[in-house]
Amino acid sequence: FRARHSSSTSRLRGLAFLWCGALAGWRPAVVTTHALLFVGPKVLVSTTRSSLSVRTMSSRTTRTTSNKNKVAADAVDAKPAGAKRAKTTTTTSPDKEDKEERQAPGSSGPRPAGNNTMLAATVRLNNGVLMPRVGFGTYKFKESEAAAALRVALGAGYRLVDTAHVYAGGKMEPVVGRAIASASPATSSSSSSSPQASARVFVVTKQWRGFHGYDATRECLAQSLRRLGVETIDLLLMHWPGPGYSAMGRSKEKIAREGISCYFKKGHEDIAALRLETWRAMEDALEAGSCRAIGVSNFAVEHLRKLLAWDRLRHKPAVNQIELHPYLQQRDVVALCRAEGIVVQAYASLGGQDSSAKDWTALGQPPLLEHPAVLAAATAHAVSPASVLLQWALQHGFAVIPKSKTPARIRDNVAALGTYELDAAEMAALDALDLGGMTGRLTWRRDELRNLDFD
C-alpha cells in the first residue's frame, strides 16, 4: 500500500481502512482499490457515499459475472445445417441450455442486457442461425450517403445490414463491405481478421432477378462476395420471384398489345422452373459454406407453395423479406410463413420510399407516419411515429430493417424499442389500417409485375 500524499494522517486513514476491511472479510483487491480511493482527497466524498455498495460488491460481482457468461453463451450463433457447434463455457444450467437449443424456429432468441436491448435481440432461423431482429436498410442510398449513414448506424449499435446485388447499380455492396471492415474495434467479439467477425455485423444481401438460373445465381453470389469483401454471407435472399427484364425502358402500348412477357429476359419465359434452379444453386452455396442461411424476398403465397412442394427441396427458406406495414399486412403470406417456420422480415415499415403524394392521394390515406392512429400512440408513449410503426411490427413477431440517412433519425428510430409496449387498443387501431390484398403496396411502383400476378 502506498498513499498518494505524504501526510501521516492520510497514511493512518488508509491503514485503518485496510485493517477494518480485513476484519470484515473483504477481498484484498477490492479493499486496496477502495483504500487508495479513500486516501485521495479528490474522491474522498464519493468514496464515502459508495461505502454501502462496497460492502455488497462481492455478491454483486458474482451476479454480474454470471450474467456476462450467460450473455456470451446465448450470443453464440448456431452454425448452418451439417456444421459442428463450438463448445462454450457457461454458467447456464444444462436444462436451460437444452431448452434454448430446442427453441422453435421463428421464436425470439436471447436478449443481452443493455440500453439498446432490441438491437441485440435475435430470432432463431429454421437452421439454427441467430439473426438480429432489428437491422439497417440501404435501399435507394447514394454511395456518399450510405457510407456516412452506416458509420452512424454501426456506432449506434445496429448489428444487421441489409443490402442487395442491384442496389445503387451494383455499387452498394462495396460500400457496405468497407463500412463493416472499418467498424470500431470496440465492437469486436472475435479474434478473427474477417470484417464480419471484427464488427459482429450480420450481412444480408440478395441475388438479383436478372441472374435467375443455376449458373447465373452462382455468378451473382461470387460477385456479391467479392464486393462485400467476405468469405461467407450471413443470409442470402432470392430478391424477386419474377423474371428479369430485357429492357429498362418498357412501352405501355407494347405491353397492352403483347403482354408484359414480351419484355422478359431471354430464357426467363418459364420463370417457375427457372426459380427452382436458382434455389438449387442457393442450397448448394449454403452447403458449401458460402452463406449461413438462405431465404426469399417478395414471395407471395403461390410462390412459397410451389417452392415448398418441390420434390427436390433440401432446405426450406429461412426468411421471407416482404413489404409489410399497417397499410399492407399480407396476412395470408404471414400465416403460411409461420406455419412453415419461416421468419418474416419486414421492409418499408415506415411507408416506403417509392411512394409520392400522388400515391397517397390514390390510396385515400395520409402517409403512414402522419396517420392519426400512429400519432396518437406516439403521443401516448412519448416516442416518435417511426418508433410506433417499428414497435407494431416487432410485437407481431416480424424482424425489421428501417433506413434513414439522417443521424438523429437513425438513432431515434430504435432508441425506445423494447422499452414500451403498444397496448391492445393501439395494436388494434393499427391492425385496422390494412387496405386488403396488395392495395396498400407502396414499393416497386414502376414495375409492371409489382402485384406478383405471375407464376
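Both backbone and side-chain heavy atoms feed into the values below; hydrogens, waters and symmetry mates do not.
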### Message
Can a donor-acceptor pair be found, under 3.5 Å and without considering hydrogens, that links the side chain of E370 to the backbone of P367?
### Response
no
### Summary
Of all heavy-atom pairs linking I342 and N320, the shortest is CG2-N, 3.6 Å
### Query
Are the ring centres of W279 and W310 closer than 6.0 Å?
no
### Task
Measure the spacing between NE2 of H303 and CE of M238 and express it to the nearest 0.5 Å.
10.5 Å
### Query
So how far is it from L389 CG to L422 CG, rounded to the nearest 0.5 Å?
9.5 Å
#### Entry: Where P385 and A378 come nearest, the two heavy atoms and their spacing
N-CB, 3.9 Å
#### Entry: Pairwise side-chain contact, R209 with H268, heavy-atom cut-off 4.5 Å (strictly under)
no
### Task
Can you measure from CG (L435) to CD (Q329) and round to the nearest 0.5 angstrom?
9.0 Å
### Task
Answer yes or no: is there a side-chain heavy-atom contact under 4.5 Å between V296 and P241?
no
### Task
On the 0 to 90° scale, with breaks at 30° and 60°, tag the Y245-F264 ring pair as parallel, tilted or perpendicular.
tilted
### Query
Does the pair R257 and K254 meet the rule for a side chain to side chain contact (heavy atoms under 4.5 Å, CB included), with working shown?
CA-CA 5 Å; R257 291 194 311 270; K254 184 176 181 179; 3.9 Å; yes
### Sidechain-backbone polar pair: R292 side chain, V129 backbone, donor-acceptor under 3.5 Å
no
### Message
Please check this pair: side chain of E323 against backbone of L442, looking for a donor-acceptor N/O pair closer than 3.5 Å.
### Response
yes
#### Entry: Side chain to side chain, N413 and Y158, heavy atoms closer than 4.5 Å
yes
### Query
Which atoms form the tightest heavy-atom contact between V230 and I233, and what is the distance?
CG2-CG1, 4.3 Å
### Query
Should F202 and R159 count as side-chain neighbours, where that means a heavy-atom distance under 4.5 Å?
no
### Query
Is there side-chain contact between F136 and I410, with at least one heavy-atom pair below 4.5 Å?
yes
### Query
Do other residues, nucleotides or ligands put more than 12 heavy atoms under 6.0 Å from K140 NZ?
yes
### Message
Side chains of S387 and Y420 only: does a donor on one sit below 3.5 Å from an acceptor on the other?
### Response
yes
### Message
Between H396 and D431, is the side-chain hydrogen bond (donor to acceptor under 3.5 Å, both in side chains) condition met? List the steps.
### Response
CA-CA 10 Å; H396 272 302; D431 290 345; 2.8 Å; yes
### Message
Working to the nearest 0.5 angstrom, can you tell me the gap between Q207 CD and I294 CD1?
### Response
11.5 Å
### Message
Using side-chain heavy atoms (C-beta onward) and a distance below 4.5 Å, is T217 in contact with M282?
### Response
yes
### Task
Look at the aromatic rings of W444 and W240 and report parallel, tilted or perpendicular, splitting at 30° and 60°.
parallel
### Task
Start with the C-alpha gap between E277 and R280, add the side-chain angles, then the distance that decides, and say whether salt bridge (charged side-chain N to carboxylate O under 4.0 Å, His left out) holds.
CA-CA 5 Å; E277 285 300 291; R280 183 168 69 90; 2.7 Å; yes
#### Entry: Non-hydrogen side-chain atoms of L221 and F211 separated by less than 4.5 Å
no
### Query
Any side-chain donor paired with an acceptor under 3.5 Å for E426 and H381?
yes
### Query
Out of curiosity, D359 CG to Q365 CD, how far, rounded to the nearest 0.5 Å?
13.0 Å
## Note on the structure
On a heavy-atom basis, the closest approach of L237 and Q321 is CD1-NE2, 3.6 Å
### Message
Test your reading of the model: is there a side-chain donor-acceptor pair from N126 to the backbone of P317, 3.5 Å cut-off?
### Response
yes
### Message
Give me the atom names and distance for the closest heavy-atom approach of G249 to Y263.
### Response
O-CE2, 4.1 Å
### Task
Please test R250 against D447 for salt bridge (charged side-chain N to carboxylate O under 4.0 Å, His left out), starting from the C-alpha separation and ending with a verdict.
CA-CA 10 Å; R250 299 179 288 275; D447 195 313; 5.1 Å; no
### Task
Give the intermediate values and the outcome of side chain to side chain contact (heavy atoms under 4.5 Å, CB included) for residues D162 and Y167.
CA-CA 10 Å; D162 175 81; Y167 285 177; 4.0 Å; yes
### Check: G242 main-chain N/O paired with H212 side-chain donor or acceptor under 3.5 Å
yes
## Note on the structure
OG1 (T278) and CZ (R218) are apart, to the nearest 0.5 Å, by 12.5 Å
### Task
Applying side chain to side chain contact (heavy atoms under 4.5 Å, CB included), run through E145 and V175 and close with a yes or a no.
CA-CA 10 Å; E145 293 174 341; V175 176; over 6 Å; no
#### Entry: Candidate pair S297 and Y347, rule side-chain hydrogen bond (donor to acceptor under 3.5 Å, both in side chains), full reasoning
CA-CA 10 Å; S297 183; Y347 71 80; 5.6 Å; no
#### Entry: Identified side-chain hydrogen bond (donor to acceptor under 3.5 Å, both in side chains) counterpart of H165 within the set K206, E173, Q223
Q223
### Message
Would the distance check show the side chain of S251 and the main-chain N or O of E253 forming a donor-acceptor pair, the cut-off being under 3.5 Å?
### Response
yes
#### Entry: Minimum side-chain heavy-atom gap V388-L430 below 4.5 Å
yes
### Task
For the pair L130 and L125, evaluate side chain to side chain contact (heavy atoms under 4.5 Å, CB included) and give the outcome as yes or no after the intermediate values.
CA-CA 6 Å; L130 295 177; L125 305 184; over 6 Å; no
### Message
Minimum heavy-atom separation for I271 and D455, please, with both atom names.
### Response
CG2-O, 3.8 Å
